[in-house]
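Only one structure is covered here, and it is reproduced in the block below.
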There are 2 protein chains.
Amino acid sequence: MSWKLDSDRPIYTQLLEILQINIVSGHYPPGSKLKSVRELAMDAGVNPNTMQRAFAELEQQGLIRTERTAGRFVTEDTEMVGKTRETIAGAQLDLFLEKMEQLGFGRQEIVEFVSTRALAQAGRRNSASAGSDTNGGAQA
Amino acid sequence: MSWKLDSDRPIYTQLLEILQINIVSGHYPPGSKLKSVRELAMDAGVNPNTMQRAFAELEQQGLIRTERTAGRFVTEDTEMVGKTRETIAGAQLDLFLEKMEQLGFGRQEIVEFVSTRALAQAGRRNSASAGSDTNGGAQA
DNA sequence: ATTACTGTATTAAGCGCTTAATACAATAAT
DNA sequence: ATTATTGTATTAAGCGCTTAATACAGTAAT
């Protein structure tokens with residue numbers, strides 16, 4: 001787990017996003033049990049109260065289910081997880097497009113920019129499995 | 001001018017980004033005079049101190065020049081402006097790619113995702129001038 | 001039954017951001 | 001010379017986020 005936190009935004013918001021991503025990417029499988037609030041807070045280096053707050057919002061979105069004393073579990077509604085993944089991806093794209101257009105880039109330019117730079121030297125890793133994986137190995 | 005501010009991040013940071021974009025996109029031409037701190041603060045609906053703080057950081061980056069009592073002016077170093085534009089665009093792309101990969105998307109998928117959705121219904125506007133403009137009408 | 005581990009709630013303190021209300025020096029405009 | 005406008009600095013107050021230090025209720029394990 002990464003837990004890269006910056007001081008520019010509320011920590012509980014960032015924790016929420018990280019937890020979301022770990023769920024919709026399949027890193028936290030449907031139905032699996034999550035670590036306790038205290039343990040995750042330790043991992044992330046934050047106060048348990050802060051992690052608790054992140055969970056409160058995460059649960060409100062239906063991605064996790066809480067059992068009073070047993071702990072928290074990832075939802076088993078794989079369809080919802082998948083939809084959430086698409087929603088987040090779409091939102092990220094919209095944000096990106098908005099910024100690029102504000103910078104004066106046209107749609108055509110943006111596509112070329114992304115194509116050129118994204119396929120160039122990639123992230124170095126998984127240069128083998130890449131190329132024909134249409135699902136990225138995520139979710140159900 | 002937009003001045004869309006959210007409460008999730010420091011306002012002066014957001015003001016800084018907006019000012020940056022207006023400069024590197026050519027909306028604030030090189031050498032042009034900017035409105036006063038007080039006036040811009042009014043436009044944005046923030047306290048003059050907050051706008052002042054944004055300017056302090058903006059000047060530190062060299063995008064503007066301050067003349068004690070005459071006001072602030074956009075730099076005339078068009079090369080720097082252009083480089084800054086590319087730097088911001090690259091940073092935005094990197095952020096986007098990172099999020100998408102965390103969501104489980106592969107590079108190939110991302111390119112297809114962007115190509116499909118970015119060229120689909122666009123932003124509705126400038127459907128006429130789009131298509132062959134390789135510079136977006138920005139900077140020098 | 002006792003122990004350990006869940007989620008949850010409360011209180012107080014500290015810190016950064018923001019605002020409000022001024023004030024001052026330097027220059028441009030009249 | 002006077003007035004208006006510029007950037008800039010200062011002080012105090014309020015607010016949200018974060019942390020620390022607890023505490024409690026419910027359940028699983030022993």
Side-chain angles (χ1 to χ4, degrees), chain A residues 1-20 22-23 28-29 31-76, chain B residues 1-20 22-23 28-29 31-76:
Chain A
M1 187 67 285
S2 49
W3 301 121
K4 293 183 208 162
L5 303 173
D6 65 279
S7 57
D8 232 35
R9 294 181 308 149
I11 295 180
Y12 79 90
T13 298
Q14 300 179 54
L15 295 176
L16 174 62
E17 292 175 359
I18 293 175
L19 293 171
Q20 276 182 330
N22 276 284
I23 291 176
Y28 289 167
S32 64
K33 185 179 186 301
L34 294 169
K35 289 186 182 178
S36 71
V37 174
R38 292 172 177 83
E39 197 170 357
L40 280 175
M42 275 287 297
D43 292 351
V46 302
N47 189 282
N49 295 332
T50 307
M51 184 61 75
Q52 165 78 13
R53 183 164 181 179
F55 270 125
E57 305 223 2
L58 187 58
E59 186 171 14
Q60 195 172 353
Q61 302 182 4
L63 284 180
I64 60 174
R65 154 181 49 99
T66 300
E67 292 181 6
R68 312 295 262 87
T69 67
R72 289 187 164 91
F73 301 84
V74 176
T75 181
E76 294 170 8
Chain B
M1 186 67 287
S2 49
W3 302 121
K4 292 183 209 163
L5 304 173
D6 64 279
S7 58
D8 231 36
R9 295 182 307 150
I11 294 179
Y12 77 90
T13 299
Q14 300 179 53
L15 295 176
L16 173 63
E17 293 174 358
I18 292 174
L19 293 170
Q20 276 182 329
N22 275 286
I23 292 176
Y28 289 167
S32 63
K33 185 178 185 302
L34 293 170
K35 288 184 182 178
S36 71
V37 174
R38 293 173 177 81
E39 196 170 358
L40 280 175
M42 275 288 296
D43 292 350
V46 301
N47 189 282
N49 295 332
T50 307
M51 184 62 74
Q52 164 79 13
R53 184 164 180 179
F55 271 125
E57 305 223 2
L58 186 59
E59 186 170 15
Q60 196 173 354
Q61 301 181 5
L63 285 180
I64 60 174
R65 154 180 50 97
T66 299
E67 291 180 8
R68 311 295 265 87
T69 67
R72 290 186 163 91
F73 301 84
V74 177
T75 181
E76 294 169 6

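Just so we're on the same page: letters track the sequence lines, and every chain starts at 1.
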Polar side-chain contact A:R38-D:dT22 base: donor and acceptor under 3.5 Å: no

Length of the CD-C1' vector between A:E67 and C:dG7, whole Å: 12 Å

Sugar-phosphate only, base, or nothing, as touched by B:S7 at under 4.0 Å among non-hydrogen atoms: nothing

B:N47, nearest nucleotide to its side chain (from C:dT8, D:dT19, C:dA20): C:dA20

Euclidean distance, atom CG of residue A:D6 to atom C1' of D:dC17 [Å, nearest integer]: 14 Å

Touch class at under 4.0 angstrom, heavy-atom based, for B:Y12 against every strand present: sugar-phosphate

A:V46, A:N49, A:T50 screened by side-chain contact (heavy atoms from CB on, under 4.5 Å) with A:Y12, the one that passes: A:T50

Atom-to-atom span, CG of A:L40 to C1' of C:dT8 - whole angstrom: 16 Å

Note, A:L40 side chain near A:W3 side chain (heavy atom, < 4.5 Å): yes

Length of the CD-P vector between A:E57 and C:dT8, whole Å: 14 Å

First encountered from the 5' end of DNA chain D, between A:R53 and A:R68: A:R53

Side-chain donor/acceptor of B:Q52 to backbone N/O of B:V37, under 3.5 Å: no

Pairwise side-chain contact, B:Q61 with B:Q20, heavy-atom cut-off 4.5 Å (strictly under): yes

Given D:dT8, D:dT6, D:dA20, the nucleotide with the shortest approach to the side chain of B:S36: D:dT6

Nearest to side-chain heavy atoms of B:T69, which nucleotide of C:dT19, C:dT8, C:dT27: C:dT27

Side-chain H-bond candidate by donor/acceptor type, B:T75 with B:R65, under 3.5 Å: no

d(CD, B:E39; C1', D:dT5) in whole Å: 11 Å

Any B:T50 side-chain nitrogen or oxygen under 4.0 Å from OP1 or OP2 of C:dC17: no

Atom-pair distance (CG on A:L34; C1' on C:dC5), nearest Å: 16 Å

Nearest-angstrom distance from the residue atom CZ of B:F55 to P of D:dG7: 8 Å

Which nucleotide in D:dG7, D:dC17, D:dA9 has an atom nearest any side-chain atom of B:N49: D:dA9

Any B:R72 side-chain nitrogen or oxygen under 4.0 Å from OP1 or OP2 of D:dG7: yes

Distance, rounded to the nearest Å, where A:Q52 contributes CD and D:dA21 contributes C1': 16 Å

